[in-house]
Amino acid sequence: MISRLRTSVIFPKDSAWNQVELKLLVDGQDVVGSVFAEGPWADPDALLGPDSPLLPGAEPREVMLAEAECKWGCCGAILVRIRRDGGDIVWDEWRNPDDPGLPLTAIRFDAAQYEAELARAHGTRLWEWPARTVARELRTRLREDSDVLGRWNSGFHGATSLPDTREQIHLTFFSPPWDLIEDHRRRTGEVPDHTQFLARLPVTSEPAEVQAERIVAGLRAGDPRASVEVCGGYTARR
């Protein structure tokens with residue numbers, strides 16, 4: 001049986017979690033909501049775009065569709081494997097770390113309809129307030145040019161605007177970059193010392209592209225670690 005994918009963006013005012021959520025409906029049914037009520041669907045910025053994890057890659061990939069409000073390590077999440085099978089896209093091997101008996105079976109979509117729906121959802125951004133638009137532009141620039149933060153032994157982690165602080169962007173980054181942290185952990189089994197930073201950046205009425213480029217120029221001009229908040233990290237006991 002071939003199913004149809006439909007997307008629906010939930011605005012913060014309509015979300016039980018005060019978040020923007022991307023609900024994925026299968027033949028009009030909320031299959032995730034039928035088995036999971038501990039947290040919101042993922043943010044659309046995490047699931048949409050040219051590099052959307054919902055689009056199958058060369059190898060099957062596992063994607064988190066929803067996560068508990070207190071994070072998956074506490075009360076679970078819904079994950080699914082996404083793969084291509086000929087002209088179809090398949091969701092299977094559903095998993096919730098907090099519920100080993102998840103009663104969801106494989107779902108098969110027509111690839112053309114599936115990809116067209118994701119493209120439509122990405123292009124329809126009526127839910128995006130101005131600061132989120134600036135954050136999206138900033139993410140694109142920092143992902144395309146790792147040297148912006150790399151010159152400061154740092155790596156981009158995320159940029160968004162939260163519903164309760166719509167007049168600013170939250171930019172987070174790690175020092176050293178997260179991929180180096182993970183590489184060290186894989187090679188040695190030990191987590192190296194690292195710091196996570198948070199920059200709270202105000203937005204203006206200027207075009208999003210102009211604001212994003214000004215932020216990038218500022219990150220290039222001086223070490224941002226000296227002027228932003230520390231919001232996480234790890235230091236081994238010596």
Side-chain angles (χ1 to χ4, degrees), residues 17 19-22 39-54 57 61-74 77 79 122 128-129 131-187 190-203 208-209 211-236:
W17 319 98
Q19 294 188 26
V20 181
E21 304 177 54
L22 181 67
W41 280 88
D43 189 291
D45 282 333
L47 294 180
L48 296 176
D51 299 320
S52 168
L54 296 173
R61 71 176 97 195
E62 186 176 64
V63 179
M64 183 182 293
L65 302 182
E67 183 179 18
E69 184 181 28
C70 55
K71 302 306 178 185
W72 70 266
C74 176
L79 302 101
H122 177 62
E128 189 176 71
W129 55 87
R132 282 187 68 113
T133 306
V134 179
R136 175 164 52 87
E137 292 287 342
L138 180 60
R139 286 196 301 272
T140 298
R141 286 162 170 74
L142 293 179
R143 286 169 177 164
E144 290 177 346
D145 188 355
S146 60
D147 183 61
V148 174
L149 288 168
R151 65 185 60 196
W152 312 116
N153 189 33
S154 299
F156 173 68
H157 182 249
T160 191
S161 176
L162 303 177
D164 293 334
T165 52
R166 297 190 181 205
E167 73 287 351
Q168 63 181 218
I169 296 169
H170 285 188
L171 166 66
T172 54
F173 59 94
F174 282 93
S175 181
W178 185 254
D179 57 346
L180 297 184
I181 297 169
E182 282 292 281
D183 180 67
H184 184 280
R185 182 188 61 80
R186 285 191 295 267
R187 288 186 292 102
E190 298 178 351
V191 178
D193 292 358
H194 62 273
T195 306
Q196 183 178 14
F197 294 95
L198 167 64
R200 303 176 190 269
L201 307 170
V203 297
E209 298 87 349
Q211 295 186 68
E213 191 53 49
R214 183 170 59 248
I215 293 170
V216 168
L219 294 172
R220 286 195 182 103
D223 188 344
R225 296 174 297 178
S227 59
V228 300
E229 302 172 30
V230 173
C231 64
Y234 173 79
T235 300

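Computed from a predicted structure; not experimentally measured.
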Checklist entry - Which class fits the ring pair H157 and F174: parallel under 30°, tilted 30 to 60°, perpendicular over 60°? => result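 Rings of H157 and F174: perpendicular, as their planes differ by over 60°.
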Checklist entry - Is the backbone of G158 close enough, under 3.5 Å, to the side chain of T172 for a donor and an acceptor to pair up by distance? => result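 Present.
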Checklist entry - So, does W152 use its side chain to make a donor-acceptor pair with the main chain of S175 at under 3.5 Å? => result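 Checked: no pair found.
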Checklist entry - Nearest heavy-atom pair of L198 and V228: which atoms, and what distance? => result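 Closest heavy-atom pair between L198 and V228: O-CB, 3.3 Å.
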Next on the checklist: Give me the atom names and distance for the closest heavy-atom approach of P40 to W17.
Outcome noted: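 Between these two residues, the closest heavy atoms are CB-CD1, 3.3 Å.
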Item to check | D45/R139 ion pair, N-O < 4.0 Å | outcome: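 Yes, D45 and R139 are salt-bridged.
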Next on the checklist: Once salt bridge (Lys or Arg N to Asp or Glu O under 4.0 Å) is applied, what residue pairs with a partner in residues 162-180 remain, sequence neighbours excluded?
Outcome noted: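 Sorted pair list comes back empty.
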Item to check | Pairs meeting criterion salt bridge (Lys or Arg N to Asp or Glu O under 4.0 Å) with involvement of residues 215-231, two or more places apart | outcome: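 Of all non-adjacent pairs touching residues 215-231, those that pass salt bridge (Lys or Arg N to Asp or Glu O under 4.0 Å) are D145-R220, R200-E229, E213-R220, D223-R225.
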Next on the checklist: Set out, in order, the CA-CA distance, both residues' side-chain angles and the distance that settles salt bridge (charged side-chain N to carboxylate O under 4.0 Å, His left out) for R185 and E182, then state yes or no.
Outcome noted: CA-CA 5 Å; R185 182 188 61 80; E182 282 292 281; 3.0 Å; yes
Next on the checklist: Rounded to the nearest 0.5 Å, what separates atom CD1 in I181 from atom OH in Y234?
Outcome noted: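 Answer for the CD1-OH pair, I181 versus Y234, is 12.0 Å.
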Next on the checklist: Measuring from atom CZ of R143 to atom CG of L138, what distance do you get when rounded to the nearest 0.5 angstrom?
Outcome noted: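 Here the interatomic distance stands at 10.0 Å.
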Can you confirm whether [X] sits close enough to [Y] that some side-chain heavy atom of one is under 4.5 Å from a side-chain heavy atom of the other?
X: N153; Y: P177; result: yes
X: P224; Y: F197; result: no
X: E137; Y: R141; result: yes
X: L171; Y: L142; result: yes

Checklist entry - Side-chain donor-acceptor pair under 3.5 Å between Q168 and H170, yes or no? => result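 Indeed, the side chains of Q168 and H170 share at least one donor-acceptor pair under 3.5 Å.
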